[in-house]
There are 2 protein chains.
Amino acid sequence: MYTNYLGELSKSLLFDNIQREHLADLLGCLKPTISSYKKNDYLIIADEEFKSLGIVLKGRVAVFKDNAAGRRVMISLLSKGDMFGEMLAFSKQKKWPATVEAQENCEILFLAKEKIIDECRNVCPWHKTLIENMLRIISERALMLNKRVEYLSITGMRGKISTFLLEQFKEAGTPTFTLPMNRNDLASYLNVSRPSMSREMSKMRDEGVIDFHLSSVKILNPEALRGMVE
Amino acid sequence: MYTNYLGELSKSLLFDNIQREHLADLLGCLKPTISSYKKNDYLIIADEEFKSLGIVLKGRVAVFKDNAAGRRVMISLLSKGDMFGEMLAFSKQKKWPATVEAQENCEILFLAKEKIIDECRNVCPWHKTLIENMLRIISERALMLNKRVEYLSITGMRGKISTFLLEQFKEAGTPTFTLPMNRNDLASYLNVSRPSMSREMSKMRDEGVIDFHLSSVKILNPEALRGMVE
DNA sequence: AGTGTTCTGTAGCCACGGCTACAAAAAATA
DNA sequence: TATTTTTTGTAGCCGTGGCTACAGAACACT
C-alpha cells in the first residue's frame, strides 16, 4: 500500500530520525489512509470537520482561504513531503479554516489525529520520535509566524526594509549577501507594494546606506541602517 | 518545595486534566527548579542559551524585544499560571529571542526541556497527558498567530474593521455584540492608529452599515459590510 | 542568436491613514 | 457627590505609500 512511498516519507520532517526500516512498523501502527485526487479536486473544504492531517505523497496541492467578501486567497503551495492540518490535530478547533485543492493529480496520506498520540505508546518505540518531530514542526512554524507578525507590525517602509536587511546581514555575517526571495515575494512578505518598496530601496541607495543589484545586496552603512528601523 | 504551588499549577493549562494528587508524582519526575526574583530582575536576557521553559508561580513578568534600533517593545505581560519559552523548547533554535523581566517580586518554575519528552515515558502515565497539553498549547498559539497574520495582511482600514466585525458577528451569532477589547487594544491588534480607526468606524456608522456606542456594536447591514472586506 | 516571459526599476498621481490636539463621555477613586 | 483618570470621538494637516503604466534588463526556451 504505502510501501511505494516509504523512501519519500522517510525524507519528510515528520518521520525525521526514523530509520526507513522502522518506518514500516510505525506506519503499521498509525494505520494511515491514502487517497488519490485528480487535478482541481478538493481534498478539504473549509468548515468541514477536521479528522486527520495530510501529507502530500505525489503532486502539488494549494491551500486557499476565502475572505468574507468571497475572494479566495492562496495561503501556500505544498508539494511532496509537505504536511497540512498539523496544528488543527491538537487544538480544540474542530473545523478546517481553509480549503485544500489539488493542483495536479496527486496522492495524499491521511493520518487520523487520535492515532498520533493515543496509540501504542509503550509498544512502538518510534512513536516517541514521531511526537518529538511533531512538536518541533509545530513549534518552528509558530516561531516563523511570530517573526512574520513582527515584520508586519513595523510601521513604515523604511522600518520594514532596514529591519529585514539587518537580519539578513546578521545571518550572512558578511555585508554582501543574496536576498532569499525576489522583489514580489519580499514585498508581499512585508505586506507592501512592490513598486513602493523598490522606490524606497533606490532612495536608500541614493543616500549611500546600501547598494544592490537584483538579488545581491551590500550594506554600506550599518549604523545608518539601524537608525532607520523605527 | 513546590508543594505550596500544587493548587496553582493544577489550574495551569500545561497540567490540565492531571489530578492534583497525581501532579506531585509528575513533578517528582520532571524535577523542576524554582527561582525567586525581585522587581526589575532579569529572568532571561535575549540571546542567552535556552535551557528551560518557565511558568509564573507568583507575581508578574514582562516579555520584551529590543528592535535593531535598540528600542524595547513589550510583547506580552504574563501572570500566575502563564508559560514562556514553550516554543523554543522543541525547536532547533538555541537562543532566547526575547528578554524577560520581573515586574514585581515573583517566583518562577523552570522546566528543563529534556525532561519534558525524554524521561519516564513508560513509568509515569501522566507524562502522556503533559505532552498532549503541550501540543495543544503550542498548536493553539500557532493558530492565533496565524489569525493575527491574516488581520495584519489586510490592506485598508475598512478591510480590517469589517473583517474583524464580521468575525465577531459570526462568533456572537447575534447582530448586537460587545467588543472584546477597547479601542486602543483593537487598534494596535490591527496595527492602525486609534484616531484613524475611530474616524473610519464613524464613517461606517454615518453610512448606516453599523451602529455602535462604546464597546457595544450592532451590525445593521451585513451584506454591505462584506462588500467592504477588500 | 532569436523569441517570449518574467523580473526589476522608475515616474507621477492622489487617497488613505498617521499624527497632534482637544473636548466630551465614561469609569474609577475618593 | 465631587474629583481625577481613562477612554472615546472628532477635526485638520500633510506625508507615506498604493496604484497604474511602461521600459529595459535578466532569464528561459528552442
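Below, chain A is the first sequence line, B the second, and so on; all start at residue 1.
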Could I get a table of every N or O pair under 3.5 Å where one atom is in the protein and the other is in nucleotides 12-14 of chain D?
unit_1	atom_1	unit_2	atom_2	d
dG12(D)	O6	Arg199(B)	NH2	3.2

Gap between atoms CE and P, on Met228(A) and dT16(D) respectively (whole Å): 13 Å
May I ask you to say what Arg205(A) touches in the nucleic acid, namely base, sugar-phosphate or nothing, with a heavy-atom cut-off under 4.0 Å? sugar-phosphate
Between dG9(D), dC19(D), dG17(C), which nucleotide gets closest to the side-chain atoms of Ser202(B)? dG9(D)
Let's see if you can work this out: which of dC7(C), dG17(D), dG17(C) has an atom nearest to the side-chain heavy atoms of Met157(B)? dG17(C)
Interatomic distance where CZ belongs to Arg183(B) and C1' belongs to dA25(C) [whole Å]: 13 Å
List for me each residue that meets ring-ring contact (aromatic ring centres under 6.0 Å, His included) alongside Tyr42(B), sequence neighbours excluded, and say none if there are none. none
Gln93(A) meets the side chain to side chain donor-acceptor pair (under 3.5 Å) criterion, sequence neighbours left out, with none
Show the distances under 3.5 angstrom between N or O atoms of the protein and N or O atoms of nucleotides 22-25 of chain D.
none

Sorted by chain and number, sequence neighbours left out, ring-ring contact (aromatic ring centres under 6.0 Å, His included) with Phe212(B) holds for none
Comparing Thr155(A) and Pro195(A) on DNA chain C - which has the more 5′ nearest nucleotide: Pro195(A)
Take atom CG of Asp185(A) and atom P of dC7(C), then tell me their distance rounded to the nearest Å. 8 Å
Sorted by position of nearest nucleotide on DNA chain D, 5' first, the leading residue of Arg158(A) and Ser215(B) is Ser215(B)
Atom-to-atom span, CD of Glu230(A) to P of dG18(C) - whole angstrom: 18 Å
Nearest-nucleotide wise, let me know which of Ser196(B) and Asn191(A) is further upstream toward the 5' end of DNA chain D. Ser196(B)
Would you call the rings of Phe84(B) and Trp96(B) parallel, tilted or perpendicular, taking 30° and 60° as the class edges? tilted
Calculate the interatomic distance between Lys203(B) atom NZ and dT10(D) atom P; express it in whole Å. 13 Å
Which of the following nucleotides, dG18(D), dC7(C), dG17(C), is nearest to the side chain of Asn182(A)? dC7(C)
Applying side chain to side chain donor-acceptor pair (under 3.5 Å), name anything that partners Asn133(A), two or more places apart in sequence or on another chain. Arg136(A)
Result block: side-chain N/O donor-acceptor pairs under 3.5 angstrom for residues 140-152 of chain B, not counting sequence neighbours:
unit_1	atom_1	unit_2	atom_2	d
Glu140(B)	OE2	Lys92(A)	N	2.8
Arg141(B)	NH1	Glu86(B)	OE2	2.7
Lys147(B)	NZ	Glu167(B)	OE2	2.9
Arg148(B)	NE	Tyr189(B)	O	3.1
Arg148(B)	NH2	Ser188(B)	O	3.3
Arg148(B)	NH2	Tyr189(B)	O	3.3
Glu150(B)	OE1	Lys65(A)	NZ	3.4
Glu150(B)	OE2	Lys65(A)	NZ	2.7

Could you tabulate the donor-acceptor pairs under 3.5 Å formed by side-chain atoms of residues 46-53 of chain B, not counting sequence neighbours?
unit_1	atom_1	unit_2	atom_2	d
Glu48(B)	OE1	Ile45(B)	N	3.3

All side chain to side chain donor-acceptor pair (under 3.5 Å) counterparts of Glu101(B), not counting sequence neighbours: Arg72(B)
Reckon Ser198(A) has a side-chain N or O less than 4.0 Å from the OP1 or OP2 of dG9(C)? yes
Please report, rounded to the nearest Å, how far the C1' atom of dG17(D) is from the CE atom of Met201(A). 16 Å
Test of understanding: with side chain to side chain donor-acceptor pair (under 3.5 Å), list the residues that count as partners of Arg20(A), not counting sequence neighbours. none
Looking at Asp82(B) and Ser79(B), would you say the former's side chain and the latter's main chain have a donor-acceptor pair under 3.5 Å? yes
Using the C1' atoms of the five pairs at each end, what is the angle between the end axes of the helix from dA1(C)-dT30(D) to dA30(C)-dT1(D), to 10°? 70°
Which atom of Leu6(A) lies closest to which atom of Leu23(A), heavy atoms considered: O-CD2, 3.6 Å
Whole angstroms only, please: what is the CE-P distance between Met181(B) and dT7(D)? 15 Å
Name all pairs fulfilling the side chain to side chain donor-acceptor pair (under 3.5 Å) condition that reach into residues 218-230 of chain A, sequence neighbours left out, sorted by first residue then second. Glu223(A)-Arg226(A), Glu230(A)-Arg71(B)
Atom-pair distance (CG on Asn184(A); C1' on dT6(C)), nearest Å: 10 Å
